[in-house]
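Values below: all heavy atoms of this structure, side chains included; hydrogens, waters and symmetry mates excluded.
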Amino acid sequence: MNILVVNWSWYPSGGDWTYVENLIKIYEEKGHHVVPFSMKDDRNFPSIYSDYFIENIDYKKVDRRSLTAGIKVVMNSIYSFEAQKNLERLLADVAIDFAHINVIHHYITPTILKILKKRNIPIIWTFHEYTPLCPDSIFVSHGQVCERCYGGAFYNCITHSCKKGSYLASTVAALENYVHKFLNYYAYVDYYVCGSIFQYEKYKQFHFFNEKLVQIYHGYNYDEIKKAMLTAKQSDEKYIVFVGRLEKIKGVHTLLKAMQTCPGVTLKIVGDGTQEEELKAFKNNYQLNNVTFLGKKNKQETLQIINGAEFLICPSECYEVLGFTVVEAMALSKPVIGAAIGGIPEMVIDNYTGLLFEPGDADQLASRIKLLYENKDLIIEMGKNANKHINMLINNETHFKNLQKLIPSL
């Protein structure tokens, strides 16, 4: 079968790409041919289909002095004529058996759904966030969980300037949601796949095509994990680790506050982001000499750092769908101390595969860190449980079998 896989990026850009990369491997190992449709970018992996990709949209490079250019970018981010035209060309040249959509809002846009529907191509859409329900995609407004847009009341995004604290950006985001709700191209999708029970229940709670919602845990190829374990370097260094974007929603500020009362614990932070300088300033102001920022690392470097740690901290303060960093840590037999929010508790089972704490509660997080850090036997026991649990929950074979139930011809 020729399977159209659609995603805004075709390079390692985050959790969505981790899923897409594993999805490609699943389909190809089963003898299918993957046809990508994405956006042009110098970081993209090579593809014979790249001529069909839409031109790059980089919001950071929009010329603020040109109103016309700004309006054009906004319009393309809501309703992309280019994506429709390019997809039409691709479908004219390549016979597609079904389409698997991933992250398309703001770039490729849901307008491509009508092109696929016109040709009666079955459509699966795996959700990686909550954009159809929340204009800011993550149910967070000014650092706090927010569900004000329930029932399609997207104007709340504007009145509260939820998007980047900007009235203009929030207006564009709300407009985008209103446009797609009105056009209702979402109705053309055959199945919406939610990566966690939490995400499934949230979409269901918002009455988003409940009859089309299915819950399927992601797949994951553990070859990189095996490689990291085989090439592990022996060291007596003892530390804990955080891996992820340095953004407020990821809760690193809460983690640093917790570290103030854990002077005997060494923390390594892997990643970068908009909050990086603020977090480093906090570290310096409070003389947290037990905290080290390592910056962004490649995949194998990151896995090696996790593999050398006692355990991983996942202090998110938003509705995480799943979190591949947690998957990777648990696959490396590392317990996880995670915030009890979103899909995290489906992986971090309290007192079994790790420990849970209330999001944003630095004192409770500190007590969990101390408890686990000082108990090597518990670390080993929870690590074994974590490995067993995550391999059963997240694996390519189970993911494929569940997709087959949606597309029997797979």
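Listed by first then second residue, pairs satisfying ring pair (Phe, Tyr, Trp, His ring centres under 6.0 Å) with a partner in residues 251-290 read Phe282-Tyr286, not counting sequence neighbours.
Cation-pi geometry between Lys238 and Tyr373 is satisfied (NZ or CZ under 6.0 Å from the ring centre, within 45° of the ring normal).
Judged by distance alone, the side chain of Asp16 and the main-chain N or O of Val103 form no donor-acceptor pair under 3.5 Å.
Side-chain N/O atoms of Asp41 and Asn56 include a donor and acceptor closer than 3.5 Å. Using a 3.5 Å distance cut-off with no hydrogens or angles, the side chains of Gln304 and Thr231 do pair a donor with an acceptor.
Aromatic rings of Phe208 and Tyr192 (six-membered ring for Trp) have centroids within the 6.0 Å cut-off, being under it. Tyr352 has its ring centre no less than 6.0 Å from the ring centre of His389. The aromatic ring centres of Phe45 and Trp17 sit less than 6.0 Å apart.
Scanning all heavy atoms of the two residues, the minimum distance from Ala173 to Cys157 falls at CB-SG, 4.4 Å.
A salt bridge links Glu147 with Lys202; the closest basic N to acidic carboxylate O contact falls under 4.0 Å. For the pair Lys30 and Glu397, the salt-bridge criterion is met [side-chain N within less than 4.0 Å of a carboxylate O].
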Under 3.5 Å, sequence neighbours excluded: what are the donor-acceptor pairs made by side chains of residues 133-141?
from: Ser137; atom 1: OG; to: Thr131; atom 2: OG1; distance (Å): 2.8

Acceptor/donor pairs from residues 328-341 side chains to any protein atom, 3.5 angstrom cut, sequence neighbours excluded:
from: Glu328; atom 1: OE2; to: Tyr220; atom 2: OH; distance (Å): 2.9
from: Glu328; atom 1: OE2; to: Lys299; atom 2: NZ; distance (Å): 2.2
from: Ser333; atom 1: OG; to: Asn387; atom 2: ND2; distance (Å): 3.4
from: Lys334; atom 1: NZ; to: Asn307; atom 2: O; distance (Å): 3.0
from: Lys334; atom 1: NZ; to: Ala309; atom 2: O; distance (Å): 2.9

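Among the candidates Asn7, Asn102, Thr126, the single residue satisfying the side-chain hydrogen bond (donor to acceptor under 3.5 Å, both in side chains) test with Tyr19 is Thr126.
To the nearest 0.5 Å, atom OG1 of residue Thr353 and atom CG of residue Leu393 are 10.0 Å apart.
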